[in-house]
Structures are given as structure tokens and as C-alpha cells.
Number of protein chains: 2
Amino acid sequence: MDVTLAAGSAWTDPACPVARTVDLIGDRWSLLIIRDAMDGATSFTEFHQRLGIARNILTDRLRKLVEHGILDKSAATDGRRHTYRLTGAGQDLFTAVVALRQWGERHAFAPDEPHSILVDDQGRELPELHPLGQDGTPLSAEASHVRRTA
Amino acid sequence: MDVTLAAGSAWTDPACPVARTVDLIGDRWSLLIIRDAMDGATSFTEFHQRLGIARNILTDRLRKLVEHGILDKSAATDGRRHTYRLTGAGQDLFTAVVALRQWGERHAFAPDEPHSILVDDQGRELPELHPLGQDGTPLSAEASHVRRTA
DNA sequence: TCGAATAGGTTGCATTTTGCAACTTATTGG
DNA sequence: CCAATAAGTTGCAAAATGCAACCTATTCGA
């Protein structure tokens, strides 16, 4: 198993997991495609209609997400359609999507502005996500640091 | 208090917190600037050297991050330098950065490839972050859904 | 005190990415 | 077998990004 970006292109910062993730899904559309896949979208047309993305760009992004092991492409029972499904790695982005969503809820809306919310099976809003230290208390950026590998 | 994107530009999906967050920090560089700010970078030159970003683009991104209330710009004691610091909203992106980092650690490296890691004050690696349901068990994308606002 | 170095830009131009609209191919339902 | 649907592809225009040279204000050192 190995992970690659694209022929002829290099990682922005090869040793940093944040930078690699941004290289893979940090453009204007990929994360929104993933968001809609998590919300049930599976076909080219569905993604196109929900996002209003240019068709050639959608083609390119779906292809790259498949290449990177985030989406899986298969033929649907209707021979015209293709089915795009999140792989395990794609589903594992749920945590990151929730973290970005919760930040947006807290900081990207005026107090009175309405916005969609994420709820569980019982319709209850999700609790806020925060990194915890070993002792179970919330951990801040200042209380942590990056250890660079040799 | 109100939140705006930029003169003459519109939100990709105004009601979705994920989309708004992507509109604010979802380009090739902003999140890496924030990552380095969390790791102690404060000056134009520091960001430039760590990232290898084009100077005019760095100027633009720092200005936008300040505009969006994620960074704060002030004069340093050395009259030549400026100091960029994360605001509260900027520090609050820590959760999202950790989530993206942990996904990258799990899925963007070959098993034997070295990468930097995030540790706490005692040098211990951070526990994995996962959304939990009200009952405290991990919640998956399938067990949740978006409720659209009127 | 004055010239060189540092810090933080700006400007012009080339390259790359993105977006739009029209066209293409394959499948399907009536 | 014809019209509609699905999933693209293609050509061209517009916008974003990147590079290198230039500019201005501080500060340091001889």
C-alpha cells in the first residue's frame, strides 16, 4: 500500500499529515463532494445538482477522489448511472467534516442567521468535538506541539 | 457581529456551515498558515520560510485571515516586524486541524513512511478524535443526517 | 551617521486552475 | 426506434497562483 498525489506533482510538505490531507482534499470542491456523499449522494448528476459545480471539474474531482481511495466507483443497476460510494478512508473523514462544520456553526454565521445542523438518529444535535489530553480535559494548541521526525 | 466573505463574492452554499468554513479557509494555503501559527509562527518572514509560499499570495492570505477574524495583526516591538496571532476563532480551529492531521496520519502515508506527530506537554501522542453520540459511543456518518433549516 | 541588511510588502507578467457552454456517446423507457 | 437521461469531453474565456524584480521603512554595526 502506498499513497501518491498525482503524476508530476509533489506534496507541499511531505512529512506533515495536515499538509498531505490539504493536498488531497483541500480544494474548493472535494470536501463538499465528500459532505454530500455522507448525506446520501451517489451519482454524477446528484453531485452536480447539489453543488452547482462545473461538469468538467466534477469529473476531475470524482476521478481524483477515486484515485486517492476516498470514493469507490461502480456501475449502478441502471446501466446509465455510476455509483460513487465512500470507502473506509472516505467515511473516516466524518470526524474532520464534523469539526469543520462545528467551527463554521460557531464562527461563520451571524447570531441570527439560520443554518443546517447535523443530528443523530434520534434527531438530537451532536455534542461539540474537542481534542482531549490523556487526563480527559480539553487540550489547546498551546498545550501541544509538533514533534518533527528525523 | 456579522460574517462576510469578500466584496463581490458569494457563499458557495450559504446555509451550510461546512461550505462556509471551506469558503473561508479551504484554499491551498490558509489552513497551513493556521497550522504554523498554532506551532508558534508569528511574522510574515516566518510564514514565508516555513511554507515556501509566493510572497504576494502570503500577503493576500494573511490579509483575508485577518479580515475574517482568524488572525490578529499588530506591530511588534521591533518596528520592522508585524505580529500575527490567532484570535479566539483562530485558536478554535485547533479541533479541525487535529481532525485533518489524524486522518492524514491514518490514510495519507504508506505504513513505513515517517511523519511529524502532535504531542501534549508530556510528550504523549494525542488520543484519536471521534464524534460521539449522546450515549458516548462513536457516531458514524450513516447514523447522522443533516437537518435543513427553513 | 551612514551604508548595508532586514522586514514586509507591491508590481508586472507567465502559468495553471477553474468555469461555461456546446457537443458526444451510451443506455433506457415508451 | 426515437426521445430522454446519464455521464462525460472539448474549446475557449476568466480567475487564481506563482515567480522575480522592485520599493519603502526600520535597524544594526562600523
Side-chain angles (χ1 to χ4, degrees), chain A residues 5-13 19 22-34 36-37 40-68 70-85, chain B residues 5-13 19 22-34 36-37 40-68 70-85:
Chain A
L5 189 49
S9 61
W11 297 108
T12 301
D13 185 350
V22 169
D23 281 342
L24 292 174
I25 58 162
D27 64 288
R28 188 196 269 3
W29 294 113
S30 294
L31 210 58
L32 299 182
I33 291 171
I34 292 159
D36 284 352
T42 60
S43 70
F44 184 93
T45 302
E46 260 178 307
F47 289 113
H48 180 238
Q49 287 172 349
R50 294 198 194 199
L51 291 167
I53 181 178
R55 301 169 68 81
N56 54 343
I57 304 300
L58 179 56
T59 301
D60 180 74
R61 293 304 181 278
L62 289 172
R63 184 183 53 73
K64 282 182 179 158
L65 289 171
V66 169
E67 262 177 29
H68 296 145
I70 291 165
L71 289 178
D72 179 77
K73 182 182 185 174
S74 61
T77 35
D78 180 339
R80 289 177 291 193
R81 286 174 192 270
H82 295 158
T83 299
Y84 294 93
R85 278 183 211 295
Chain B
L5 188 49
S9 61
W11 298 108
T12 300
D13 185 351
V22 169
D23 281 342
L24 292 175
I25 58 163
D27 64 289
R28 188 193 283 0
W29 293 113
S30 294
L31 209 58
L32 298 182
I33 291 170
I34 291 159
D36 284 352
T42 59
S43 70
F44 183 94
T45 302
E46 259 178 309
F47 288 113
H48 180 239
Q49 287 173 348
R50 294 198 194 200
L51 292 167
I53 181 178
R55 301 167 68 80
N56 53 342
I57 305 299
L58 178 56
T59 300
D60 180 75
R61 293 304 180 278
L62 288 172
R63 184 182 53 72
K64 282 181 179 158
L65 288 171
V66 169
E67 261 177 31
H68 296 143
I70 291 166
L71 289 177
D72 179 77
K73 182 180 184 175
S74 61
T77 33
D78 180 339
R80 290 177 292 190
R81 286 174 192 271
H82 295 156
T83 298
Y84 293 93
R85 279 183 211 294

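Each chain gets a letter, A, B and so on, in the order its sequence line appears, and its residues count up from 1.
In the region residues 52-66 of chain A, proximity to DNA chain C at under 4.0 angstrom, judged on heavy atoms, holds for A:Ala54, A:Asn56, A:Ile57, A:Arg61. If you check residues 74-81 of chain A against DNA chain D, the residues with a heavy atom closer than 4.0 Å are A:Arg80, A:Arg81, listed by number.
Between atom CD1 of residue A:Ile53 and atom CG of residue A:Leu58 there is a gap of 5.0 Å, rounded to the nearest 0.5 Å. Note that the CG atom of B:Leu62 and the CD1 atom of B:Ile70 stand 11.5 Å from one another [nearest 0.5 Å].
Take A:Ala37 and apply the side-chain contact (heavy atoms from CB on, under 4.5 Å) test, not counting sequence neighbours, and it matches A:Phe47, A:Leu71, A:Leu86. Annotation: side-chain contact (heavy atoms from CB on, under 4.5 Å) contacts of A:Thr59 (sequence neighbours excluded): A:Phe44. Every residue meeting the side chain to side chain donor-acceptor pair (under 3.5 Å) condition with A:Thr12, not counting sequence neighbours, appears here in chain and number order: A:Asp23. The side chain to side chain donor-acceptor pair (under 3.5 Å) check on A:Glu67 picks up A:Arg63, with sequence neighbours excluded. Taking the side chain to side chain donor-acceptor pair (under 3.5 Å) definition, one finds that B:Ser30 meets it with B:Asp27, sequence neighbours left out. For B:Arg28, there are no side-chain contact (heavy atoms from CB on, under 4.5 Å) partners at least two apart in sequence or on another chain. The side-chain contact (heavy atoms from CB on, under 4.5 Å) check on A:Arg50 picks up A:Asp36, A:Asp39, A:Ala41, A:Glu46, B:Arg148, with sequence neighbours excluded. Residues satisfying the side chain to side chain donor-acceptor pair (under 3.5 Å) criterion with A:Arg85, sequence neighbours excluded, are absent altogether.
For the pair B:Trp29 and D:dT17, the criterion of a side-chain N or O lying under 4.0 Å from OP1 or OP2 is not met.
Residue A:Phe47 is classed as having no contact, given no heavy-atom separation below 4.0 Å to the nucleic acid.
On the nucleic acid side, DNA chain C has its first and last nucleotide under 4.0 Å of a heavy atom of chain A at C:dT18 to C:dT28, going 5' to 3'.
Of the two residues contacting DNA chain C, namely B:Gln49 and A:Arg28, the nearest-nucleotide position lying further toward the 5' end is that of B:Gln49.
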